[in-house]
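Quick notes on the structure that follows.
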Amino acid sequence: MDNSADNSRAWPSLGYRPDIQGLRALAVILVIVFHVDLPLLSGGYIGVDVFFVISGFLISGLLFRELAKEGRIQFGRFYARRARRLLPVAALVLVVTLLASMWLLSPLENKELGKTALFTSLFSSNIWFIFEAADYFGSNIENNALLHTWSLGVEEQFYFIWPALLSIIFLVSSKRAVWKWGLLLVSLSSLLLFFILYTRNQPIAFFSMPTRAWQFGCGALLYFLPVPLKARQSILAGVAGLLLIVGTAILIGPNFDSQALWAVPPTLGTCLVIWAGQGKHRNYITSLLALRPLQYIGALSYSLYLWHWPVIVFSKIEFGLLGPPEVLFALVTTFILSILSFHFVETQWRQHPAIKSISASLLFGGGLIIAGSVAAFSVYLYSKSALLSPGQMEIDATSFGSKETKGCSSELESSKLVECTLGALGGEVEIVVIGDSKAMQWLPVISEMGKDHGWRITSLIKDACPPAVIEPYISKIGRHYGECSIWRTAALTRLIDISPDLVFVTHWPGYTIAENGGYRKSNFEDWQAGYAELSNILYDLDTRVLLLRDNPQFPIDIPICLSRAAGTSKLSPTMCRFDIHEIENSDAVYRAAQSVFESHDRVKLADLTAQHCKQDFCESYAGGIVRLTDRHHLSFLYTKQLAHILEEEITNTLNRSLH
């Protein structure tokens, strides 16, 4: 093969590849099966990895040949093709999703979806989701009907940068060797960045284009490999590649929480399957991928990917948990919408004579981007208007904590000890509040008690870090929460230094435990051991302890539930009221605390469950107050309503004898 990159004959022709179309079908099937929660392919989200490699291979091939033939890339022509290919159906799905959301979602949800849609229309929803996923008290992005557009954001950002990068490499040299080493350097740098960020900030590792560029680069680097000359090579590569893709989807779990190395097998597997089809030899795998049903699904894959997630999200809202009939409904609806949009939108506009010229295509694409942005902003304004009704205003005004205590908690990925002094600063009685965000929810009212009673209040609080000695795994950052252990050691050391009159302890009971590089649900034994270690420190202090059982956890985000139920009406106690058996309680954790602490006179265990749930029902709105800010964090107004009960518990504990 000619070693000069500026010889177009040096690059293989990009004719129709039925094996690649079949790979597209496999990728979208994996993603859809994963999203309808079928356990067999619990790692089906790796279908996105397959798409990235395919895009890197196809787009790079077009650009390589253009550079070799013309000596430059015509950016206008490139983006005009992208606009005709991608934007019409994407704009349609975006607008239809927004229209459906106005009918099915609450004003609170529409406010968030409107923001997401604006970023989606500007090819940057992946960046939006990085910030949303990293926000400890952020919205529940798993239920966002546009969550799947993050991968389109990554691809579009790749399309913006890749042509310019290849042009720069071409300006440096037209030699194939320089291109190969240049792209290899870019891909390895991206892979290294992926591994580094995976251990430090998983949302960035998952959602960002720079950490995904290596997968596109792997597709591009296939052009620098010799084609398989023997049928045996093609067969072995194709079989190995398919096994790597499907095997990974079966073996890894449903969350992007496995080892980072699991991203490599499906990427390598896709490269092997594409490389196996480069030669002249047909093999079992290329024949399998060329089957007619897979070819048609592959042709529909872009539409299928765009439609499937909004349909699934809206189906869950309408039906609740998706059983076999609901899954079938979602799949049939997805296929019908995809077939219609493929034949009447995607295919029609790709070759439409009205936008055949570069300028017309770019104007058309720009118009669709503006239309999508206007639709997104309109839904956002609509939601803001809907939030002005009396019931919605109550919900929207619900807050966690207070201005006084803002900043009194160590942030999620920090191990720094943050200490606030509140209440009566010169008080003779000192109380230390220690725990996670559940301690933070009570801090404002405890501070007010301190002012009334002359108590000095010191807070030692960290997001998602219980004072009981356990090793949490935090899914939001996707790893063992080492910062918690460091902070806890510092906090308990500081607690010993303060030697307060009373230690107020509370925390969330739902932590998962980091174990052997993975995680599992915490159990009675974990908490019993964790409390036992904590008790040794607390007993050495010769102080009183009040350990408050956490409040019940609801099965749904309460502000969203109330927002859906209220519409334009006023709120009522019957809205979003759940049977106590539907509520997640902390029985195992509380029993563990009882087993460790209950025999000690200096420790008092307090349980306010009877205040939250009465007559077998747990209310989320009562006494004119929205009680929760999500599924389990209490609102500031509700903690004020309960303050007198907690005040009595604290006072009684302070009155206990130390001897």
Does some side-chain heavy atom of [Y] sit less than 4.5 Å from a side-chain heavy atom of [X]?
| X | Y | result |
| --- | --- | --- |
| Ile486 | Cys484 | no |
| Leu322 | Ile312 | yes |
| Leu562 | Val626 | yes |
| Arg602 | Thr653 | no |
| Leu547 | Val503 | no |
| Trp508 | His633 | no |
| Pro552 | Glu584 | no |
| Ser315 | Phe329 | yes |

Atom of [X], atom of [Y] and distance for their closest heavy-atom approach:
| X | Y | value |
| --- | --- | --- |
| Leu388 | Met393 | O-SD, 3.1 Å |
| Cys618 | Ile583 | SG-CG1, 3.7 Å |
| Ile130 | Ser208 | CD1-CB, 4.0 Å |
| Ser101 | Val379 | OG-CG1, 4.4 Å |
| Phe636 | Pro444 | CE1-CB, 3.6 Å |
| Ile461 | Cys408 | CB-O, 3.8 Å |

Is [X] salt-bridged to [Y], cutoff N-O under 4.0 Å?
| X | Y | answer |
| --- | --- | --- |
| Asp557 | Arg631 | no |
| Lys115 | Glu132 | no |
| Asp526 | Arg520 | yes |

Taking the six-membered ring for Trp, is the centroid-to-centroid distance between Trp150 and Phe207 below 6.0 Å?
yes

How about Tyr481 and Tyr473: are their ring centroids closer than 6.0 Å?
no

Answer yes if the side chains of [X] and [Y] hold a donor-acceptor pair under 3.5 Å, and no otherwise.
| X | Y | value |
| --- | --- | --- |
| Ser414 | Glu483 | no |
| Glu419 | Thr458 | no |
| Gln441 | Thr639 | no |
| Ser121 | Ser373 | yes |
| Lys111 | Tyr382 | no |
| Thr149 | Thr120 | yes |
| Asp436 | Tyr511 | yes |
| Thr506 | Trp442 | no |
| Glu619 | His612 | no |

What class does the angle between the rings of Tyr45 and Phe206 fall in, given that below 30° is parallel, 30 to 60° is tilted and above 60° is perpendicular?
perpendicular

What orientation do His453 and Trp455 show, parallel under 30°, tilted 30 to 60°, or perpendicular over 60°?
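It falls in the parallel class, under 30°.
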
Please check if the side chain of [X] supplies one atom and the backbone of [Y] the other of a donor-acceptor pair under 3.5 Å.
| X | Y | result |
| --- | --- | --- |
| Gln392 | Ser563 | yes |
| Glu326 | Gly323 | yes |
| Asn551 | Leu608 | no |

Passes salt bridge (charged side-chain N to carboxylate O under 4.0 Å, His left out), Lys604 versus Glu598? Steps please.
CA-CA 7 Å; Lys604 185 174 188 333; Glu598 204 163 47; over 6 Å; no

Exceeds 12 heavy-atom contacts within 6.0 angstrom, atom [atom1] of [X]:
| X | atom1 | result |
| --- | --- | --- |
| Leu321 | CG | no |
| Lys406 | NZ | no |
| Glu525 | CD | yes |

Any chance you could measure Gln202, atom CD, to Thr211, atom OG1, to the nearest 0.5 Å?
11.0 Å

Could you walk me through whether Asp463 and Ser437 pass side-chain hydrogen bond (donor to acceptor under 3.5 Å, both in side chains), step by step?
CA-CA 5 Å; Asp463 293 347; Ser437 59; 5.9 Å; no

Restricting to pairs with a member in residues 558-585, which pass ring pair (Phe, Tyr, Trp, His ring centres under 6.0 Å), not counting sequence neighbours?
Phe554-Phe578

Could you go through Asp396 and Lys384, starting from their C-alpha distance and side-chain angles, then the distance that decides it, and tell me whether this counts as salt bridge (charged side-chain N to carboxylate O under 4.0 Å, His left out)?
CA-CA 10 Å; Asp396 200 33; Lys384 294 288 283 185; 5.3 Å; no

Using side chain to side chain contact (heavy atoms under 4.5 Å, CB included), reason through Ile434 and Arg488 one step at a time and then give a plain yes or no.
CA-CA 10 Å; Ile434 187 168; Arg488 186 192 294 117; over 6 Å; no

Begin from the C-alpha positions of Tyr539 and Phe597 and carry the test side chain to side chain contact (heavy atoms under 4.5 Å, CB included) through to its verdict.
CA-CA 10 Å; Tyr539 295 152; Phe597 292 114; 3.4 Å; yes

With sequence neighbours excluded, residues passing salt bridge (charged side-chain N to carboxylate O under 4.0 Å, His left out) with Arg564:
Glu109

What do the steps show when you test Leu637 against Thr398 for side chain to side chain contact (heavy atoms under 4.5 Å, CB included), and what is the final call?
CA-CA 8 Å; Leu637 289 179; Thr398 303; over 6 Å; no

Could you walk me through whether Arg627 and Ile558 pass the side chain to side chain contact (heavy atoms under 4.5 Å, CB included) test, one step at a time?
CA-CA 8 Å; Arg627 291 183 164 186; Ile558 290 305; over 6 Å; no

